[in-house]
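Each chain gets a letter, A, B and so on, in the order the sequences are listed, and its residues count up from 1.
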Number of protein chains: 2
Amino acid sequence: MTDEERKFLDAYDASAFAGPLATVDMAIFCIREDALHVLLIKRGNHPDKGRWALPGGFVDTSRDADTHATALRKLSEKTGVKTPYLEQVVTVGGADRDPRGWALTVLYFALIDHAALSPANENVEEAEWVEVHEALERELAFDHRELLTRAARRLAYKARYSALPLRLLPAEFTLVETQRVFEILLGARLEKKSFRRRILAADIVEETGQTRPSARRPAQLYRLTREIEEDFAFPGLIHTKPALL
Amino acid sequence: MTDEERKFLDAYDASAFAGPLATVDMAIFCIREDALHVLLIKRGNHPDKGRWALPGGFVDTSRDADTHATALRKLSEKTGVKTPYLEQVVTVGGADRDPRGWALTVLYFALIDHAALSPANENVEEAEWVEVHEALERELAFDHRELLTRAARRLAYKARYSALPLRLLPAEFTLVETQRVFEILLGARLEKKSFRRRILAADIVEETGQTRPSARRPAQLYRLTREIEEDFAFPGLIHTKPALL
DNA sequence: TAAATAGTGTCTCTCAGACAGTATGGG
DNA sequence: CCCATACTGTCTGAGAGACACTATTTA
């Protein structure tokens, strides 16, 4: 760094500019009761006090190293889950979306295994797992209906060609359960043989050797053989347009 | 709005919070000289004065209705192009990416037809179209190398399953030219028959009836039959992993 | 008519969909 | 042994890759 540059930076006052409000919002998804659910929080403060909203909050420039850290912090506060799948969806910024001023929010979605929820789940705030279609019919705070739509659409879209939905399952799962998760996300029935061929050919799961006890024939349990990354795509598409949204 | 809420908003001072700096950066792509090029600007101010950078700037909360408007404004300033294809790539925010403070940038990429550039192209600032691989070898300002990588990767990825690269072509184009654009983005040769079958089956182009004059057999000109949207995907993938990045 | 590029016919191989069949448990 | 669910065998059709072939222009 040159002296000239140092002098410039010393004289620079970042707070002199009226920048936008910067927040992170999260669509935290899990599967319960054979349906996709999202976590909603009842707002305790103005504006939109009393409305249901996606969990989120201001970027704390003194605590958060980056926006990903903000999202992880929010998620941990609300659910106790530390290692979810976390993916940035979109950033929405504009003058009209928050009465406090020009507001910019970075939207993430998180996928968690419902069973992994810690007791910290039941917070001081009123929180509720809501089936996604029902959530979209509520009068959500700000533009959160649009945000939730974007997040759910992204997730549904990815179910067509990626292994992402596996992150909604517990560490050990059966292929029938896996198929059901994909069907929920896609809003369509899938053909069993094709589904199993595809997922086994993708070489991302392996048998544990254990079976899930059942009143009928017990199903083989599988586990992941590697982490599912954001860009992991299967060969082949499921030729179903997601019905969701 | 309730009286209570109005009172809350009147008392609210958005500038009381030290929020992050909010900027928009753009990777503006076009095809020239049989290669993908990106527009770089030489920074005239500190920090990183003199370094090449992606065009961008602060969100102006008094002028820009939303981030999309910021991006369009920047694009118009730099290239004179008003109706590009514009897509948000990612938002990167963190404490260490800008010496002025915690900085958050929304990254967009734009696709333009090189021929559509207005004379306003040659601005007061020093600007240059740089071949993408060469740009990635330069010492770019801030974390712009990472940003450019993200934008180029997104574009290359989409070339596998979407019609997006058509937005790099002029209003009338031949199928051979189209194929070449895909090949540049994918970094691989494509099989002519398969490519033509796919793009014709997608029902997004139609013959104009004109041909492109040539010293050899003239090629049929085509035009788009509809706008290419962000989520428009073909049936079938090109089973080539993009070599680019 | 040669050269060069535009564009086509057609075989093959892969893989998703369909669906009937087999396997394995509990009552 | 019956039922329900897990899982497999195998046919078929659609579509991508390969590549040789034809078409159309100028020099």
### Short side-chain N/O contact to C/dA16 OP1/OP2 from A/S194, under 4.0 Å
no
### Message
Under the rule for ring-ring contact (aromatic ring centres under 6.0 Å, His included), what residues qualify as partners of B/F142, not counting sequence neighbours?
### Response
B/H144
### Task
Indicate, yes or no, whether a donor-acceptor pair under 3.5 Å links the base of C/dG17 to the side chain of A/R197.
yes
#### Entry: A/R212 (side chain) and C/dG25 (base): donor-acceptor pair under 3.5 Å
no
### Task
Give one of base, sugar-phosphate or nothing for A/T211, where a contact means two heavy atoms less than 4.0 Å apart.
nothing
What are the atom names and distances for every N/O pair under 3.5 Å that joins the protein to nucleotides 6-9 of chain D?
unit_1	atom_1	unit_2	atom_2	d
D/dA6	N3	A/R217	NH1	2.7
D/dC7	OP1	A/Q220	N	2.7
D/dC7	OP2	A/R196	NH2	3.0
D/dC7	O5'	A/R196	NH2	3.0
D/dC7	N4	A/K192	NZ	3.4
D/dG9	N7	A/K193	NZ	2.8

Which residues satisfy the side-chain hydrogen bond (donor to acceptor under 3.5 Å, both in side chains) test with [X], sequence neighbours excluded?
| X | answer |
| --- | --- |
| B/T23 | B/T105 |
| B/E227 | B/R167 |
| B/E137 | none |

### Query
Between the axis at one end of the helix from C/dT1-D/dA27 to C/dG27-D/dC1 and the axis at the other (five pairs apiece), what's the angle to 10 degrees?
10°
### Between D/dA4 (C1') and A/R216 (CZ): distance, integer Å
5 Å
### Nearest-Å distance for atom pair CD1/P, residues B/I199 and D/dG15
16 Å
#### Entry: Under-4.0 Å salt bridge between A/E177 and A/R180
no
Applying salt bridge (Lys or Arg N to Asp or Glu O under 4.0 Å), can you list everything that pairs with [X], at least two apart in sequence or on another chain?
| X | result |
| --- | --- |
| A/E139 | A/R51 |
| A/E146 | none |
| A/R138 | A/E128, A/E134 |

